[in-house]
Amino acid sequence: MYRILRKEVLSDFVILFEIEAREIAKKAKAGNFFVLRIHEQGERIPLTIADFDRDKGTITTVFQKVGKTTHHLATLKEGNSLTDVVGPLGMHSHIENFGTVICVGGGVGIAPTYPIARSLKEAGNTVISIIGARMKDLIFWEDKMRSVSDELIVTTDDGSYGRKAVVTVPLDERLTENKDINLVYAIGPAIMMKFVCVTTEKHKVKTIVSLNSIMVDATGMCGACRVEVGKETKFACVDGPEFDGHKVDFDLLMSRQRMYTGEEKEAMELYKIKTGVG
Amino acid sequence: MEENQDSRKPKNRVKMREQLAVERARNFMEVPYGYTPEEAMEEASRCLNCLKPTCRTGCPVSIDIPSFIKLIKEGRFIEAAWKIKEDNALPAVCGRVCPQEIQCESMCILGKKGDPVAIGNLERFVSDYERESGDIQVPDKPAPSGRKVAIIGSGPAGLSCAADLAKSGHQVTLFEALHKPGGVLIYGIPEFRLPKVIVEKEVAYIRKLGVELAVNAVIGKLYTIDELLTAYHYDACFIATGAGLPLFLGIPGENLNGIYSANEFLTRANLMKSYLFPEYDTPIKVGKRVAVIGGGNVAMDSARVALRLGSEKVHLIYRRSEAEMPARKAEIHHAHEEGIEFNVLTNPVRFIDDGKGNVAAVECIRMELGEPDASGRRSPVPMRGSEFQIEIDVAIPALGTRSNPLLIRNVPHLSLNKRGYIIADEETGMTSKPGVFAGGDILTGSATVILALGAGRKAAQGINDYLKWKFWDTKKFMN
């Protein structure tokens, strides 16, 4: 069960897995995520579903090596299996013909942006996509994104590829030039989503973000993932993960994401000593 | 005492030996040791074997208490375990976590003059004896009925329903959202109150009865109820998903780092074994000073887990007085013994941060008891100007739950009450949707293991009748 059928090393830090999960593939939609566990002592981590193939019965995810679990995950090979895969979780994206939509994907956030851009395109929208990362090595799926976008803009912070800028620069330009943009989708690091929202708020364009908070059960039972949206506490796992970005308290989200920094470091150090990986 | 010929005066209850409070407060091993066979027989000998056994009427699943106690008296322990299993699929669990003092034992005649028979301790003894002897008997497989039933949730309601339906010859699939079966028995109730091996063994017994188990299956997402009934050809579904989303206080600062719902705190500790971090990957904040808010069993469990994780000081904050606490008396007593500090008639008003997003203190207000409220308990009223602060680095609100929308919002024609819980017939579990039954906390909100077990059994009977007659009284649910 849950065999890794395909592994692609997208960069030193970013890995793609295509995982056998027939039942989940049948139900997955843009915006959904899933939870996995590598082994019996493992933690449950949520990852976004970046693609799915109902005929092959697979889901695809892209993750970045951050802590112990993702480093360990990256050592798995094609043919290895995961202990647990649970999904599809979260409310899927609300897709309709909005008119013109800008999709912003940052870092590994490019992956979950792809199925949303594709669905929006299929629903008849004009899709402008902006993908960005710190440097060239961290950009992936440029072709895939281009294939579902009417226009694609690539940025890197250091200018090693595409335009030297953060994603909010071309975003601000497009919103200034084109007053007919009806919706912005933004998925990436919390700090990026925060500044995308600052930018779009200025132009009064509705913005949907997908929040990547810490989760345990991811089915509403524990509340680890709670976020504040419009001053109200919401659970990212069952109420989200997508929310109206203009109402999200990003500072709280970022603070809560840092809750276990010390423990993560400790676990990572120990893992390095044990395995030499990292 | 006409039947108790061998004693001149009523014997005292045989106390169950337990770990010393100072020792156990720092380990996760079970608190009571259980009876020895001699102790069990001595305690069983106190039973008067009443002509009209009132104890049985106090049991939500009507276990034949006098018969199993008689078997213990005779030293026939395994047969006693089987006797219980006729009515209760999870005796080792119930012997530990049932509130016997307000159920069977409260009806015991001996209780009028002294201590009632320790029915719970005896139930625990025989089920442990059976398990340790390895002589676990599975009833003969009945003829297959050709019917399929899907059970959503593998907690106490789901497990007991599954056991009864399997014994009736139906093909049963038990769907569980988490990676391990057992529901609250696995993620909620801590090891020192209910060792997880015991839950695993009880689940193994239910699988031996022929029940199929599907973990990692989030119904409502992976399959809808309608798909189970049509595409997957289940003849009936039983929804036993439990109470759901944890409640928070709704006061400023409740989302600061270090503030856990009791569900999260217990899930990390019990299911994910974070007390063994970093050997296990899931971290948990071990507060130096912890505040648990609430007065129920879950609050006691959270406080006692915090202590065992290594917290120096654990405060229990409850807005009424100790007399109103809904927790079992034994749990309150254990918490006191282990050194939990009780702050009763105290209510949190806000959490204060350390400037870095972590909780640093909780500000509370003193309360006094006023007039009785709808629940009959005297309701607490804040005393003006009595605010004070308790320094903490972890807080655990244990306030109960509200309905989880994940499954329910994808089930058309299912009637819910104002609180979002499913409306179902109490005797049969029938809901407004033909073929769909429900029971346990998803009807009532947070309650007890044994009530969920009882609901599972009643639903099994309801499902059996439905599969026979295919009759559905939808009028009941019309407004």
Side-chain angles (χ1 to χ4, degrees), chain A residues 1-2 21 23-24 26-27 32 34-45 67-69 72 83-91 216-228 233 235 237-239 249 251-256 258-260 262-264 266-271, chain B residues 177-180 183-184 187-188 214-218 220-224 227 241-248 250 254-268 271-274 276-285 353 356-358 397 401-407 409:
Chain A
M1 273 271 265
Y2 317 126
E23 302 298 313
I24 299 175
K26 269 190 213 165
K27 282 301 177 70
N32 283 142
F34 72 103
V35 159
L36 67 77
R37 218 163 58 108
I38 307 180
H39 53 74
E40 278 307 321
Q41 287 79 39
E43 59 180 337
R44 297 168 64 97
I45 60 160
K68 179 192 169 183
T69 298
H72 186 167
T83 302
D84 300 294
V85 172
V86 194
L89 298 170
M91 305 285 276
V216 184
D217 71 295
T219 59
M221 185 265 281
C222 88
C225 64
R226 58 198 197 277
V227 289
E228 282 179 25
T233 295
F235 288 10
C237 68
V238 289
D239 299 321
D249 183 339
D251 295 332
L252 179 74
L253 174 70
M254 286 185 271
S255 169
R256 287 186 64 79
R258 285 192 300 267
M259 179 153 165
Y260 297 103
E263 287 82 357
E264 279 161 15
E266 186 191 340
M268 191 63 216
E269 292 297 322
L270 213 70
Y271 180 68
Chain B
L178 289 169
H179 54 268
K180 249 189 193 174
V184 73
Y187 75 75
V215 294
N216 294 332
V218 183
K221 291 294 194 184
L222 198 60
Y223 319 110
T224 63
E227 284 169 337
T241 48
L245 276 59
L247 286 168
F248 288 88
E254 70 179 351
N255 293 331
L256 287 168
N257 287 343
I259 305 181
Y260 290 105
S261 74
N263 271 3
E264 181 183 356
F265 188 73
L266 293 173
T267 300
R268 283 180 184 271
L271 175 72
M272 306 311 295
K273 300 214 185 310
S274 31
L276 298 173
F277 179 86
E279 190 190 325
Y280 278 69
D281 289 341
T282 307
I284 194 164
K285 288 280 171 207
D353 69 55
K356 293 180 215 146
N358 307 305
T401 50
R402 63 194 164 96
S403 168
N404 189 338
L406 191 145
L407 169 68
R409 69 178 158 213

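Per chain, numbering begins at 1; letters A, B, ... match sequence-line order.
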Quiz item: Does any N or O in the side chain of A:Asp84 come within less than 3.5 Å of the main-chain N or O of A:Leu36, such that one atom is a donor and the other an acceptor?
Solution: no
Quiz item: Within the distance-only criterion (no hydrogens, no angle test), does the side chain of A:Arg37 pair as donor or acceptor with the backbone N or O of A:Glu40 below 3.5 angstrom?
Solution: yes
If we define contacts as heavy-atom pairs under 4.5 Å, which of [options] has the most with chain B?
{"options": "A:Ile38, A:Thr233, A:Asp217, A:Leu270", "answer": "A:Thr233"}
{"options": "A:Thr83, A:Thr69, A:Val85, A:Asp251", "answer": "A:Val85"}
{"options": "A:Lys26, A:Met91, A:Arg44", "answer": "A:Arg44"}
{"options": "A:Gly90, A:Gly262, A:Ala267, A:Gly67", "answer": "A:Gly90"}
{"options": "A:Arg258, A:Glu264, A:Lys68", "answer": "A:Lys68"}

Residue, of [options], that accumulates the most heavy atom pairs under 4.5 Å with chain A:
{"options": "B:Pro246, B:Pro278, B:Gly357", "answer": "B:Pro246"}
{"options": "B:Leu406, B:Leu222, B:Asn255", "answer": "B:Asn255"}
{"options": "B:Thr282, B:Asn216, B:Leu178, B:Leu245", "answer": "B:Asn216"}

Which region of [X], side chain (C-beta onward) or backbone (N, CA, C, O), has a non-hydrogen atom less than 4.5 Å from a non-hydrogen atom of chain B, or is it both or neither?
{"X": "A:Thr219", "value": "both"}
{"X": "A:Tyr2", "value": "side chain"}
{"X": "A:Ile24", "value": "both"}
{"X": "A:Val238", "value": "both"}

For [X], is it the side chain, the backbone, both, or neither that has a heavy atom closer than 4.5 Å to a heavy atom of chain A?
{"X": "B:Asn404", "result": "side chain"}
{"X": "B:Lys273", "result": "neither"}
{"X": "B:Glu279", "result": "backbone"}
{"X": "B:Leu256", "result": "backbone"}
{"X": "B:Leu407", "result": "neither"}

Quiz item: What's the verdict on side chain to side chain contact (heavy atoms under 4.5 Å, CB included) for A:Arg226 and B:Ile259, showing C-alpha distance, side-chain angles and the deciding distance?
Solution: CA-CA 11 Å; A:Arg226 58 198 197 277; B:Ile259 305 181; 3.7 Å; yes
Practice problem: Would you please test A:Lys27 and A:Glu23 for salt bridge (Lys or Arg N to Asp or Glu O under 4.0 Å) and show each step? | Solution: CA-CA 7 Å; A:Lys27 282 301 177 70; A:Glu23 302 298 313; over 6 Å; no
Self-check item: Which residues share a side chain to side chain donor-acceptor pair (under 3.5 Å) with B:Lys285, sequence neighbours left out
Solution: A:Glu263
Quiz item: Taking the inter-plane angle between the rings of A:Phe235 and B:Phe248 on a 0 to 90° scale, is it parallel (under 30°), tilted (30 to 60°) or perpendicular (over 60°)?
Solution: perpendicular
Exercise. To the nearest 0.5 Å, tell me how far B:Asp353 CG sits from B:Asn358 CG.
Key: 8.5 Å
Quiz item: How many angstroms lie between atom OH of B:Tyr280 and atom NE2 of A:His39, to the nearest 0.5 angstrom?
Solution: 10.0 Å
Quiz item: Do you know the tightest heavy-atom contact between A:Val35 and A:Ala218?
Solution: CG2-CB, 3.5 Å
Exercise. Report yes or no: do B:Asn263 and B:Ser261 form a side-chain donor-acceptor pair below 3.5 Å?
Key: no
Quiz item: Does the side chain to side chain contact (heavy atoms under 4.5 Å, CB included) test come out yes or no for A:Val86 and B:His179, once each step is laid out?
Solution: CA-CA 8 Å; A:Val86 194; B:His179 54 268; 6.0 Å; no
